[in-house]
Every structure is written in structure tokens, then in C-alpha cells.
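Atoms considered below: every heavy atom in the structure, side chains included; atoms not considered: hydrogens, waters and symmetry mates. None of these values were measured; they are calculated from a predicted model.
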Amino acid sequence: MAITLGDAFQNWNEDTQKGTGATVDGGVIAMLEPNIFRNKVMLPGVTYATDVESLMVDNQFAVAFIRKLEKVKVNLCKASSKDAFRVVPTQSDGDFIEVKCNDVLKVAEVVHEPIDEARVSGKTADRVAIASESYDEVKELRYLSYLINGGGSPDPTDVGAPASADTERCTKDNVLDKIIDDRKALRKAGANPDTLIISEDTDSVFLKYIGNRNYFSVASSTETAVFGQVFAGTLFSGKVKVFTSNALGQDNSELVGEEAGNSEWDWTNIEYILYDYKTLCIINVARYIGLVDYSAMEHNSTLISILTVCGGRIRNTQKVIAKKYAAA
């Protein structure tokens with residue numbers, strides 16, 4: 001029998017109840033509110049390198065070392081000199097850089113259904129989707145923190161992106177000049193700065209600049225389909241890919257369970273990060289998502305468990321610059 005608005009009103013309003021009325025069931029649609037619009041700009045092989053991850057996953061290593069090789073020495077002399085054609089052996093040498101996977105990210109959601117029912121339950125699928133969304137947000141922030149703060153390795157060279165010498169706030173009239181100056185510094189250090197991650201504030205500065213598009217090309221529909229809506233376009237004839245992240249330019253402390261103002265997660269004054277994507281290595285050696293029988297803890301319940309073991313760091317700090325402004 002169809003339930004009319006009158007039937008519903010009769011059951012919800014005591015003054016108009018007449019005997020037995022139609023039973024009305026209510027439905028609830030879950031919506032994860034706080035941070036579902038957080039932009040995902042950490043893309044493997046695009047905004048960070050995965051070669052170290054391949055080494056560690058394939059060999060089940062817990063710690064990896066990158067050998068940072070110096071250039072091979074070349075001796076230059078005049079052909080007329082006494083030892084001009086004497087063979088002088090040379091050998092490349094360099095330091096070892098440690099990369100550790102010392103972060104564990106985990107989500108655990110309880111579903112009040114036996115595990116056999118939970119495996120085929122549509123309700124469980126919804127909860128998995130919500131748990132995954134929360135996990136992805138924190139993973140995105142952690143990956144960005146490897147770029148901004150470093151990976152937390154005991155290695156003293158494991159530090160985050162050095163700050164640009166320029167602390168003046170970007171405007172539509174000077175934003176490209178500042179990026180060009182930072183790009184010049186990186187290129188002089190031997191980097192190929194091909195990735196620019198900007199805050200929402202800087203994105204709005206870009207939008208005001210678009211009227212003069214000598215340097216900036218807006219993303220095509222094909223590029224957006226590949227990289228996502230966070231891909232804004234390219235600078236300098238496609239040499240630099242531009243991504244927008246709403247994790248920059250704000251304090252993310254509370255999202256990761258810290259008190260507001262925690263310096264590690266407060267990225268309020270960061271306007272952009274310009275870097276060579278190959279210098280940022282990120283590793284994810286263990287990934288697990290599954291349903292676990294939880295009835296020993298709670299009767300007829302199932303645990304949705306998501307877990308990953310990850311790490312990362314910048315290999316060469318001369319190949320990355322973080323543009324920060326000083327408070328007025």
C-alpha cells in the first residue's frame with residue numbers, strides 16, 4: 001500500500017491519530033562532512049617519484065638507502081703538457097641517504113553485523129567508502145608533509161623544503177616574477193622544477209592574472225580527466241605543471257589529531273611549493289583493507305580495517321623551494 005502524506009502526518013502527530021495508521025520507515029543517508037573536498041595532488045610518477053617504493057616493495061625491505069653520487073671527475077689539461085696522455089683513474093663517490101617507513105596510518109570502523117552478513121551487506125560497503133575517504137585525506141596530508149617537513153628519519157639531512165628568500169606576499173602583479181626567481185635558483189642548482197603546488201589563495205591570484213596569459217595555459221578537458229580537477233594548467237610552455245591544494249594556506253593540526261597551531265601541520269603561510277618531482281620519494285610498503293570478525297570484542301560485530309605503512313623524504317633539498325610569507 002502506498003503511504004500518503006496524510007498517513008505520515010497521522011502517525012507523526014499525536015493529536016490526529018485515529019486508531020492504527022500506516023507505519024512509516026525512515027532512511028538515513030550518511031555524508032562525511034569535514035574534509036571531503038580536500039584536494040588530492042600527491043600523484044605517483046607525476047608529483048612524486050616511486051622508484052624507491054618499487055625497490056622496497058619488491059624486496060620487502062623496511063629501510064632503503066639512496067646513494068647520492070657525485071659527478072665523475074674530469075681532468076682538463078693541454079695536449080702539450082708533460083702528462084697530457086697519462087691515464088688518471090677516477091671513481092664516482094657519494095653519500096648514502098636513508099629512507100625509512102616509520103609511519104602507520106590506520107582506520108578502524110565497527111559495523112554491528114556478523115562478519116558473514118557484513119561481507120555481502122550494502123551497509124558495509126557504505127561504511128568502507130566513508131572510512132576510505134577519511135583515510136585518503138590523512139594519507140594525502142602525510143605525503144605532503146614529507147615534502148614540507150621531511151620524513152622524520154634520524155638522518156640529519158632529512159628535512160623539508162627550504163623556504164624561499166622572498167617573504168613578501170604574492171599578488172597578481174608579482175606572483176609570476178616570484179615563481180620565475182625561485183625557478184631560476186632551482187635550475188642553477190641543477191634541478192628541473194616541473195611541479196608547482198599552490199594554495200587556494202595563490203590560485204585566486206592566478207585567476208586574476210589569467211587576463212595576461214603569456215606564461216600560463218589553462219588545463220584542457222583531457223588533462224583534467226587524467227590529473228583531476230586540482231590540475232590548474234601549465235606555466236612556461238608546459239615546463240611546469242600547476243596543481244591547487246587546499247591543504248596549503250591553512251592549519252591542518254586538528255585533522256591529524258593535534259592541537260591547533262602545531263608547527264608541523266600549520267601550513268597557513270605557505271603560498272606555493274616549486275620542485276623537481278623526482279626529488280620527492282614516497283614509499284608505501286604495506287597496504288591492507290579488509291573485514292575482521294570483531295565479535296570477541298562486541299557481539300555480532302565486524303571491524304572495517306584499513307592500514308598502511310609508509311614513509312618518504314626529499315632526496316636533494318636544492319631541488320625544492322617553499323614560498324612562505326611573513327605575517328604583517
Query raised in the report: Quick one: does R315's side chain have a donor or acceptor within less than 3.5 Å of a partner on K278's backbone?
Result: yes

Query raised in the report: Do D266 and T268 have a side chain donor and acceptor closer than 3.5 Å?
Result: yes

Query - Sequence neighbours excluded - ring pair (Phe, Tyr, Trp, His ring centres under 6.0 Å) pairs with any residue from residues 153-199 - result: none

Requested in this report: Show your working on side chain to side chain donor-acceptor pair (under 3.5 Å) between T171 and D173 and close with a plain yes or no.
Outcome: CA-CA 5 Å; T171 68; D173 297 318; 4.6 Å; no

Query raised in the report: Counting N and O atoms only, with roles assigned by atom type, does the side chain of T167 sit under 3.5 Å from a partner on the main chain of A326, one being a donor and the other an acceptor?
Result: no

Query raised in the report: Going through the distances and angles, do I198 and L248 end up as a side-chain contact (heavy atoms from CB on, under 4.5 Å)?
Result: CA-CA 7 Å; I198 62 178; L248 300 185; 5.9 Å; no

**Report entry** Any donor-acceptor pair under 3.5 Å from N39 side chain to N246 backbone
**Finding:** yes

Query raised in the report: Less than 4.5 Å apart, any side-chain heavy atom of N252 and any of Q250?
Result: yes

Report summary line: Closest non-hydrogen atoms of V218 and E223, given as atom of the first, atom of the second and distance, are O-OE1, 4.4 Å

Query raised in the report: Counting N and O atoms only, with roles assigned by atom type, does the side chain of D293 sit under 3.5 Å from a partner on the main chain of I115, one being a donor and the other an acceptor?
Result: no

Report task. Output yes when a side-chain donor or acceptor of R313 lies under 3.5 Å from a complementary backbone atom of T157, and no otherwise. Result -> yes

Report task. Carefully, step by step, assess V240 and D194 under the rule side-chain contact (heavy atoms from CB on, under 4.5 Å). Result -> CA-CA 4 Å; V240 179; D194 56 5; 5.7 Å; no

Requested in this report: Ignoring hydrogens and angles, tell me if any N or O in the side chain of T279 forms a donor-acceptor pair with the backbone of D276 under 3.5 Å.
Outcome: no

Requested in this report: Look up atom CD1 in I197 and atom CG in L147, then write down how far apart they are to the nearest 0.5 Å.
Outcome: 6.0 Å

Report task. Could you grab the distance from atom NZ of K100 to atom CZ of F65, nearest 0.5 Å is fine? Result -> 8.5 Å

Query raised in the report: Does E53 offer a backbone N or O that forms a donor-acceptor pair with the side chain of T50 under 3.5 Å?
Result: no

Requested in this report: Examine V159 and V99 and state if one hydrophobic cluster contains both, with Ile, Leu, Val, Met, Phe, Trp and Tyr joined whenever side-chain heavy atoms are less than 4.5 Å apart.
Outcome: no

Requested in this report: Determine whether I180 and L196 fall in the same hydrophobic cluster, where Ile, Leu, Val, Met, Phe, Trp and Tyr are linked whenever their side-chain heavy atoms lie under 4.5 Å apart.
Outcome: yes

Query raised in the report: At their closest point, which heavy atom of S305 faces which heavy atom of V292, and how far apart are they?
Result: CB-CG2, 4.3 Å

**Report entry** Within 6.0 angstrom of R287 CZ, more than 12 heavy atoms from elsewhere
**Finding:** yes

Report summary line: Correct closest heavy-atom pair for S295 and N300 would be CB-N, 3.9 Å

Requested in this report: Find the distance between CG (L144) and CD1 (I270) and round it off to the nearest 0.5 Å.
Outcome: 9.0 Å

Query raised in the report: Atom CG in D83, atom SG in C77: separation rounded to 0.5 Å?
Result: 8.0 Å

**Report entry** Side chain to side chain, E168 and K178, heavy atoms closer than 4.5 Å
**Finding:** yes

**Report entry** Under 3.5 Å: donor-acceptor pair, side chain of N269, backbone of K324
**Finding:** no

Query raised in the report: Are K323 and E271 ion-paired here, with the side-chain N under 4.0 Å from a carboxylate O?
Result: yes

Query raised in the report: In terms of the angle between their ring planes, are F231 and F243 parallel, tilted or perpendicular, with boundaries placed at 30° and 60°?
Result: tilted

Report task. Compare all side-chain heavy atoms of L280 with those of T47 and state whether any distance is below 4.5 angstrom. Result -> no

Query - Heavy-atom pair with the smallest gap, counting every atom of I321 and S164 - result: CG2-CB, 3.5 Å

Report task. Work out which heavy atom in N102 is nearest to a heavy atom in G152; give both atom names and the distance. Result -> ND2-O, 3.5 Å

Query raised in the report: Hey, what do you get for CD1 (I283) to OG1 (T308), rounding to the nearest 0.5 Å?
Result: 11.5 Å

Report task. Answer yes or no: does atom OH of Y288 have more than 12 heavy-atom neighbours from other residues, nucleotides or ligands under 6.0 Å? Result -> yes

Query raised in the report: Minimum heavy-atom separation for P193 to L186, with atom names?
Result: CB-CD1, 3.7 Å

Query raised in the report: Can you find a pair of side-chain heavy atoms, one from V128 and one from I289, that are under 4.5 Å apart?
Result: yes

Report task. Name all pairs fulfilling the side-chain hydrogen bond (donor to acceptor under 3.5 Å, both in side chains) condition that reach into residues 141-151, sequence neighbours left out, sorted by first residue then second. Result -> D103-R142, D103-Y146, R142-S145, R142-E264, Y143-N284

Query - Donor-acceptor contact below 3.5 Å, side chain S253 vs main chain N262 - result: yes

Requested in this report: Could you check if a side-chain atom of L274 sits within less than 4.5 angstrom of a side-chain atom of V320, using non-hydrogen atoms only?
Outcome: no

Requested in this report: Kindly state each residue pair satisfying ring pair (Phe, Tyr, Trp, His ring centres under 6.0 Å) with at least one member in residues 245-283, sequence neighbours excluded.
Outcome: W265-W267

Query raised in the report: If you draw a 6.0 Å radius around CD in Q229, do more than 12 non-hydrogen atoms from other residues or ligands fall strictly inside?
Result: no

Report summary line: Taken to the nearest 0.5 Å, the spacing of D51 CG from C281 SG works out to 7.0 Å

Report task. Let me see the working for I179 and D182 under side-chain contact (heavy atoms from CB on, under 4.5 Å), right down to the final yes or no. Result -> CA-CA 5 Å; I179 293 171; D182 284 338; 5.8 Å; no

Report task. Take E140 and V41 through the test side-chain contact (heavy atoms from CB on, under 4.5 Å) and record every step on the way to the result. Result -> CA-CA 8 Å; E140 172 79 8; V41 299; 3.4 Å; yes

